[in-house]
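What follows is a short report on a single structure.
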Amino acid sequence: MSVAPVESIPTLSSDLFYDIFRRLDGATLASAACTCATLCSISKEESLWENVCSSMWPSTNREDVKSLISSIGGFRKFYADCFPIVVNKEVVEYQPNNYHEYPENWTEAEYYGDMNESENICPSDFVSIIDIRFKGKPVCSKVLWGIPNANSYDGWFYNCPFRIDFLTYADRDDNNDGCVYLSVSDGLPRVTSMERERKDGKLWRELCEGLQLSWIIVNKKMKQAANLASWSPLGGQRHWPTDRDFVIRFGSVLPAKDILPCQVVECILIMKFRVVHTEEEGVETTLKLTELSMQLEDMEGAHVNGRNSLHILKDALSSRRSKNYGEVLESCHMYSKVQNELKEEKMRNESRLDRLCILSGIAAFMTFWYCVL
């Protein structure tokens, strides 16, 4: 077979390049755009990036989500904002007395977020675009417009711990058809009994290695978006609270400068699965998603209230991102290290205070009897 020589790229049909480009993933398409002006021009086609986004995040196939993405700058910008993961390396090394409950230049109202500028940020400005994959296959996609139950009671959301639930109470009902399940057909290993699983942990390993989570937050007013999930799990806990429950944790470290004294918070995404069937019950191994939620915690492990959380989410959309998953892990490990050092220091201080109280009580007791005698 003879191959005709090509003198230059412009001599080839742009339709040919378009047909090739629509088969590429986002990273390869972006790399191809850097080669020459011709390929760069072709790679700017919105339909190419729409195809990339729909294959990576199936939830973007919805017409209402397509309209949202178009309104905030298009699919090309959406991919550039959401493919890298939010990473924060500004976690300050722990120093004793570095974190105070009430800094001298902070009032109580400022600490708890009772600031007038919060009125400019509304829960309805945010949209959550959530996609779950297992071993590369889409399992579930969902879009939450606004923050559920944020406007139920006057002032309730702003002063109570912030939380976004992926599932409604109806979704948690065993008889509800909208429940999310994983089975052997999805790639789960067969579990003959939970006693066997406790010994070898095969199901647990498959979950941790196969699950991927994308939780994209979009601010319609600011026209910005960011992925707050770590794609792969950061940790988890087997058999909690029963031997049939698995808890898997995703998340990221977000900046909270000028919002909270600790300057950084942890975005915690909790995913819980329950084993509803094993092979010994005559049905193939099946897991059910019982919880997927987002919460924000400060350095001391306290839940951040709704008012401050809106500010933190707003700032996170313009924070630094990275395509290197190792940087995300490093950031999370640094945060955990500083948090553990802070907890240990608090425990030491409480232990010193307890000893001081005991010694003071003994001294007072001896002084009393000395005076009596």
Side-chain angles (χ1 to χ4, degrees), residues 25-31 33-34 49 52-53 56-57 60 69 72-95 98-99 113 117 120-121 125-131 162 164 212-235 249-269 294-299 304 308-339 342:
D25 59 19
T28 308
L29 181 58
S31 299
C34 299
W49 292 103
V52 168
C53 291
M56 190 167 190
W57 302 295
T60 59
I69 294 175
I72 64 174
F75 285 91
R76 186 163 172 254
K77 178 179 181 296
F78 182 80
Y79 179 87
D81 289 341
C82 301
F83 176 71
I85 303 173
V86 171
V87 62
N88 189 345
K89 287 191 172 183
E90 299 180 2
V91 181
V92 181
E93 289 283 352
Y94 173 72
Q95 297 178 358
N98 200 32
Y99 302 103
E117 60 265 26
N120 298 325
I121 307 176
D125 295 336
F126 295 91
V127 180
S128 295
I129 302 175
I130 307 165
D131 289 281
F162 172 82
I164 301 179
Q212 289 182 319
L213 173 66
S214 172
W215 191 311
I216 296 173
I217 292 289
V218 180
N219 188 306
K220 297 184 293 183
K221 184 182 294 184
M222 296 174 56
K223 297 185 177 181
Q224 290 180 324
N227 192 352
L228 302 187
S230 52
W231 267 115
S232 299
L234 297 174
R249 183 174 63 86
F250 300 80
S252 54
V253 178
L254 307 181
K257 190 175 181 180
D258 300 327
I259 301 175
L260 293 177
C262 57
Q263 303 297 303
V264 289
V265 299
E266 185 177 15
C267 176
I268 302 176
L269 306 175
M294 172 190 289
Q295 291 178 306
L296 302 182
E297 287 188 0
D298 63 15
M299 271 291 183
V304 183
N308 285 334
S309 296
L310 293 182
H311 285 279
I312 293 170
L313 292 179
K314 173 177 174 290
D315 290 348
L317 300 184
S318 56
S319 62
R320 181 174 176 269
R321 295 161 171 81
S322 175
K323 299 177 183 177
N324 187 351
Y325 185 65
E327 284 189 324
V328 178
L329 289 178
E330 182 183 352
S331 173
C332 294
H333 290 161
M334 176 63 72
Y335 184 91
S336 298
K337 177 184 175 184
V338 175
Q339 189 179 49
L342 177 62

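The shortest non-hydrogen separation linking Ile164 to Ser128 is CD1-OG, 4.2 Å. Across every non-hydrogen atom of Leu296 and Leu254, the tightest pair is CD2-CD1, 4.1 Å. Tyr335 and Met299 get closest at one heavy-atom pair: OH-N, 3.5 Å. The two atoms that bring Ala229 and Ile85 nearest to each other are O-CG2, 3.3 Å, heavy atoms only. In this structure, Pro255 and Ile312 approach most closely via the heavy-atom pair O-CG2, 3.8 Å. Taking both residues in full, the closest heavy atoms of Ala316 and Val86 are given as O-CG2, 4.2 Å, listed atom of the first, atom of the second, then distance.
Not counting sequence neighbours, the partners of Ile216 by the side chain to side chain contact (heavy atoms under 4.5 Å, CB included) test are Trp57, Phe78, Cys82, Ile129, Ser214, Val218, Ala225, Asn227. Applying the side-chain hydrogen bond (donor to acceptor under 3.5 Å, both in side chains) rule to Thr28 yields the partners Asp25; only residues at least two apart in sequence or on another chain are considered. Applying the side chain to side chain contact (heavy atoms under 4.5 Å, CB included) criterion to Gln295, with sequence neighbours excluded, gives Arg163, His303. Here Leu329 pairs with Leu234, Tyr325, His333 under the side chain to side chain contact (heavy atoms under 4.5 Å, CB included) rule; sequence neighbours left out. With sequence neighbours excluded, no residue forms a side-chain hydrogen bond (donor to acceptor under 3.5 Å, both in side chains) with Ser319. Qualifying ring-ring contact (aromatic ring centres under 6.0 Å, His included) partners for Phe126, counting only residues two or more places apart in sequence or in other chains: none. Annotation: side chain to side chain contact (heavy atoms under 4.5 Å, CB included) contacts of Asn324 (sequence neighbours excluded): Ser322, Glu327. Judged as a salt bridge (Lys or Arg N to Asp or Glu O under 4.0 Å), and not counting sequence neighbours, Asp131 has no contacts.
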**Asked** Can Trp231 and Val328 be said to form a side chain to side chain contact (heavy atoms under 4.5 Å, CB included), step by step?
**Response** CA-CA 10 Å; Trp231 267 115; Val328 178; over 6 Å; no
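Looking only at side-chain heavy atoms (C-beta outward), Val127 and Lys220 come within less than 4.5 Å of each other. Met294 has its side chain within reach of Phe162: a pair of non-hydrogen atoms, C-beta onward, lies under 4.5 Å apart. Taking 4.5 Å as the limit, every side-chain heavy atom of Asp125 sits out of range of all side-chain heavy atoms of Lys314.
Annotation: the span from Arg249 atom CZ to Cys332 atom SG amounts to 7.0 Å, rounded to 0.5 Å. Between Leu313 atom CG and Gln224 atom CD the span is 12.5 Å, to the nearest 0.5 Å. Taken from NE2 in His311 to CD1 in Ile259, the straight-line distance is 6.5 Å, to the nearest 0.5 Å. We find the SG-NZ distance between Cys262 and Lys257 to be 14.0 Å, quoted to the nearest 0.5 Å.
Under the 3.5 Å distance criterion, the side-chain polar atoms of Ser252 are left unmatched by any main-chain donor or acceptor of Cys267.
Residue pairs meeting the side chain to side chain donor-acceptor pair (under 3.5 Å) criterion with at least one partner in residues 72-86, sequence neighbours excluded, are Lys77-Asp81.
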